[in-house]
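Shown next, in structure tokens, is the structure this report addresses.
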Protein chains: 2
Amino acid sequence: MLDPIKKIFPSFSTELVKDVDANAAIQSFKAGDIIMRTGQYIKNTVLVISGKIKVYREDENGGEFFMYYLQPGQACAISMICATKNEKSQIMAKVVEDVELIMVPLPLMDKWMMQHRSWYEFVIDTYRSRFEEVLEVIDSIAFRAMDERLEFYLKRHADVCGCNELKLSHQEIASELNTSREVISRLLKKMEQRGIVALHRNNIELLK
Amino acid sequence: MLDPIKKIFPSFSTELVKDVDANAAIQSFKAGDIIMRTGQYIKNTVLVISGKIKVYREDENGGEFFMYYLQPGQACAISMICATKNEKSQIMAKVVEDVELIMVPLPLMDKWMMQHRSWYEFVIDTYRSRFEEVLEVIDSIAFRAMDERLEFYLKRHADVCGCNELKLSHQEIASELNTSREVISRLLKKMEQRGIVALHRNNIELLK
DNA sequence: GATAAACAGTGACAATTGTTACATTACTGT
DNA sequence: ACAGTAATGTAACAATTGTCACTGTTTATC
């Protein structure tokens, strides 16, 4: 287990990798699994070895607003933040591609901050990059209309999957932007007319 | 200077207070001053002794979207996050009530994390509470229409000023919610008819 | 192959929000 | 008291977004 950890988290020091290996459990989840629910107590800090996770903010009426992806080499900032205070999760996390996760027990998360400089830097960097990503999400909803938000959404998904073929239904997109399917269909049609996308069933092709 | 620091930041250990006193500069700003601009490099971690600061996210067209207040005893999470990486500010901060600030030079921010447990906990707690506040902001814009967003906005301001008399013009509110003055006037009128507020010039009275 | 279920297209209309234009009211300074 | 300015009120209309109703199309299942 040492080797893959070192490879996926290259900034970790040798001692930290050993500590991770000795103390952390590996857990696997299937696509569709929900690994964290809103209101649930967090017992571990989660590091992603492989696969993809989508992180959502939920409202009382079942709305699921997409915030960001977690990918290999990244960690769930919320699970770190809540760690020290033993707080409830403020978010929901859903597996979109089978994942392997490193579960670091909360007390260790804290202890390592003092012991391993590279863990400290990893945690701080995780905070920073998530905070910045969330600020960009605020931009998109605070300053932009739905057409631009949709483009932003599609681009982010393309970045993560590393391709131009997005396997998403209109309904799925609508839910994650908290609007209705018809609105998304309408806007996508306009984007198609502008030559930005090509529309297929369960498949949106980004043309530029 | 020791005494006020200890009083405003009660969680700080005695040694930390001494270190703060010995190394940090106190700086004052007047209402209206902008103490941090988007894109500016951050050279200090900012702690608030007295006064009030509003933190905004800006867009290219001059929009200023209000995110949260900074009050005495609090610190700017962005200035901590950017500290370690010497990054540019992602936000704009404006003084709304004359402030006194403790400016902690960036290298110390980092050094103290290892030296002072109470500093470490303060920093982590600052991250946590700001992250949570930002998530609530996302809720309000992602899930709610302008009428509810306005109520949320007014409540937050009432909480901070500790009174029911909000000295805000409609134009000011409109800018901070990124909408137009007319929309705010319209919605406030409706709220007045529902008996939630009483409207005066430059003064909105919350009735419940 | 028939049938159901999921997905997508679209027109019509409602509700909300944005914009324009102008009137009215309240404060400011002289 | 008066002019000038900032703040607010409001009507009319445009644009965007939300909702409803219904159609067709593809996919999965039996």
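Below, each value reflects all heavy atoms present in this structure, side chains not excepted, and no hydrogens, waters or symmetry copies. Values in this document were obtained by computation on a predicted structure and should not be read as measured data.
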If you check the A:Ser185 side chain, which of C:dG18, D:dG18, C:dG9 turns out closest? C:dG9
Degree of bending, the helix from C:dG1-D:dC30 to C:dT30-D:dA1 (end axes from five pairs; round to 10°): 40°
Protein within reach of the bases, or only the backbone? For nucleotides 20-25 of chain C, mark each nucleotide 5' to 3' as B, S or -, using heavy atoms under 4.0 Å. BB---B
Gap between atoms CZ and C1', on B:Arg149 and C:dT16 respectively (whole Å): 13 Å
Provide, to the nearest angstrom, the distance between the CG atom belonging to B:Leu188 and the P atom belonging to C:dT17. 13 Å
Centres of the A:His116 and A:Phe12 rings: under 6.0 Å? no
Do the side-chain N and O atoms of A:Asn203 and A:Glu165 include a donor-acceptor pair separated by under 3.5 angstrom? yes
Quick one: A:Ile173 CD1 to C:dC7 P, roughly how many Å, whole number? 12 Å
Please report the distance, rounded to the nearest Å, between CD in B:Glu192 and P in D:dG9. 7 Å
Less than 6.0 Å separating the ring centroids of B:His157 and B:Phe152? no
Determine whether a donor-acceptor pair (N or O, by modelled atom type, separation under 3.5 Å) exists between the side chain of A:Ser169 and the backbone of A:Asn202. no
Under a 3.5 Å cutoff, is there a donor and acceptor pairing between the side chains of B:Tyr120 and A:Asp110? yes
Cation over ring face, B:Lys94 and B:Tyr56, 6.0 Å, 45°: yes
Return the value, rounded to whole Å, for the distance between atom CZ of B:Arg186 and atom C1' of C:dA15. 11 Å
Between atom NZ in A:Lys167 and atom P in D:dT27, what is the gap in whole Å? 11 Å
Nearest-Å distance for atom pair NZ/P, residues B:Lys189 and D:dA7: 17 Å
If only side-chain N and O atoms of A:Ser180 are considered, is one of them under 4.0 Å from the OP1 or OP2 phosphate oxygen of D:dT17? no
Do the side chain of B:Arg156 and the main chain of B:Met67 share a donor and acceptor less than 3.5 angstrom apart? yes
Under 4.0 angstrom between A:His170 side-chain N/O and C:dG9 OP1 or OP2: yes
If we count only N and O atoms by modelled type, under 3.5 Å, do the side chains of B:Glu58 and B:Thr38 hold a donor and an acceptor together? yes
Interatomic spacing from CG in A:Asn178 to CG in A:Asp59 - rounded to 0.5 Å: 6.5 Å
Earlier contact from the 5' end, DNA chain C, for A:Leu199 and B:Asn178: A:Leu199
A:Ser169 has its side chain closest, among C:dA8, D:dT17, C:dT19, to C:dA8
What integer distance in Å separates A:Ile184:CD1 from C:dG9:C1'? 14 Å
